[in-house]
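Working notes for the structure below.
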Amino acid sequence: MAKSKMQASEKLLAWYDRHRRDLPWRARPGQRPDPYAVWLSEVMLQQTTVAAVAAYFQKFLALWPRVENLAAAPVEAVMQAWAGLGYYSRARNLHACAQKLVADHGGRFPEDEAELRRLPGIGPYTAAAIAAIAFDRPAIVVDGNVERVIARLWALETPLPAAKKEMPGLVAEIAPRQRPGDFAQAMMDLGATICTPRRPACVLCPLSGECAARKLGAAQDFPRKAAKKPRPSRRGAVFYLRRADGAVLTRTRPPHGLLGGMEEFFGADWREDFPANPDMPAFGANWAFAGEIDHVFTHFALKLSIFVGEAPRGAPAPEGGRWRGAADMKAAALPSVMRKAEARAHKFLSARLA
DNA sequence: CAGTCGTGGGC
DNA sequence: TGCCCAAGACT
């Protein structure tokens, strides 16, 4: 190990002391972090931007200030509060984790990384992050930021994701004995603000003198990445049924899988070979085409045809469905794709009225 | 281990 | 418009 690499952590921590981000879930320097807040923020931040998380974090903390409160809440309330943030299995696991913490750990977070790892929704990254940040344990934290910083620091030729298994060892080479929590957060802050995916600000980087990719003049070309697969397209239909009294028909999706446990409008299955003229459902009448919406999921793109229909006052909900009043709809656990469909239906209805 | 699992912003 | 991506977990 080169001596310059051993000094990297000192430079990084000095930089962190001056330039650390002030984030809602982050404790002030010298203050004890709240493990509950650390855990909550880390789960929300999985594959999710700081900007998107901030408001949800505040909302959850206001609704459920302590893990006991979250554990006592109905899971439907948690799903509803999570609606719009994506990756909904996180919300279900969050709730399950809270209940397990209360039932098996007296409402306290274990400090040990391996013990944390056993809890639902807590994987290798989150376990290490909680151990390091909340308890200042010497855990090696590797997230996407860290992978990028490390790949550039060593001009690592191994492409991601294959390089993932080398990462903990490489991080350990520069990890300091002291301040493991600050070191972890410093690496992530550096990746988020200086060592960015595009146009990294190497001129401002405290590690530029030790960076092999920088020496090659090719920081932006790291990390190497495996070619990605094309994203298939699917089509489907949404049947937005409005009753004469203004209530709207919805249902709840099965608890697991895509948008698991979230609410939706009735619709036809999403498939690549979707029929050009799908059958309208038996319930409802006067079905009218309200337009299409596009939505992109991680592993497929979706185009939905929106149909608006009417039902008479007092019409019963079909099997598995429920009527929601207008005010009730605002609080429903609708994922973003369904909010988009709802907006299209509203636009169509207001245009038809005019 | 490669596939599944959301969303919104930036360029 | 299309592509990239953002503090990954689970199977």
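Quick caveat, the model's predicted, so the values are computed rather than measured.
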Can you tell me how the ring of A:Trp15 sits relative to the ring of A:His19, calling it parallel under 30°, perpendicular over 60° and tilted otherwise?
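Rings of A:Trp15 and A:His19: tilted, 30 to 60°.
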Between A:Tyr240 and A:His346, how do the two ring planes meet: parallel, tilted or perpendicular, split at 30° and 60°?
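Perpendicular, since the angle between the ring planes exceeds 60°.
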Examine the side chains of A:Arg148 and A:Asn145 and answer whether a donor and an acceptor come within less than 3.5 Å of each other.
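Note: A:Arg148 and A:Asn145 side chains meet the donor-acceptor criterion.
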[X] has an atom [atom1]; how far is it from atom [atom2] of [N], in whole Å?
X        : N     : atom1 : atom2 : answer
A:Leu302 : B:dT7 : CG    : C1'   : 14 Å
A:Leu334 : B:dT7 : CG    : P     : 11 Å
A:Arg92  : B:dC5 : CZ    : P     : 14 Å
A:Trp82  : B:dT7 : CH2   : P     : 13 Å
A:Arg253 : B:dC5 : CZ    : C1'   : 11 Å

Of A:Pro161 and A:Gly84, whose closest DNA chain B nucleotide lies nearer the 5' terminus?
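The residue mapped nearer the 5' terminus is A:Pro161.
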Interatomic distance at [atom1], [N] relative to [M], whole Å:
N      : M     : atom1 : answer
C:dA7  : B:dG3 : P     : 23 Å
B:dC1  : C:dG8 : C1'   : 15 Å
C:dC10 : B:dG8 : P     : 24 Å
C:dA6  : B:dT4 : P     : 22 Å

Under 4.0 Å, counting only non-hydrogen atoms across every strand here, what does A:Leu85 touch: a base, just sugar-phosphate, or nothing?
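Here A:Leu85 touches the bases of the nucleic acid.
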Assign A:Val43 to base, sugar-phosphate, or nothing according to its heavy-atom contacts below 4.0 angstrom with the strands shown.
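Contact class for A:Val43: none.
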Any chance you could lay out the side-chain hydrogen bond (donor to acceptor under 3.5 Å, both in side chains) test for A:Thr250 and A:Glu264, step after step, and finish with the verdict?
CA-CA 6 Å; A:Thr250 71; A:Glu264 67 173 0; over 6 Å; no
Under 4.0 Å between a side-chain N or O of [X] and OP1 or OP2 of [N]?
X        : N     : answer
A:His295 : B:dT7 : yes
A:His299 : B:dC5 : yes
A:Lys229 : B:dG3 : yes

Before accepting this row, confirm whether a basic side-chain N of the pair A:Arg28/A:Asp22 lies closer than 4.0 Å to the acidic partner's carboxylate O.
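Yes, charged N to carboxylate O under 4.0 Å.
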Counting the benzene-type ring for Trp, do A:Phe297 and A:His295 have ring centres under 6.0 Å apart?
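Yes, the ring of A:Phe297 comes within the 6.0 Å limit of the ring of A:His295, centre to centre.
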Residues in ring-ring contact (aromatic ring centres under 6.0 Å, His included) with A:Phe183, at least two apart?
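With neighbours one apart ignored, the set is empty.
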Determine, for nucleotides 1-11 of chain C in 5'-to-3' order, which nucleotides have protein heavy atoms under 4.0 Å from the base (write B), from only the sugar-phosphate (write S), or from neither (write -).
---SSBBBSS-
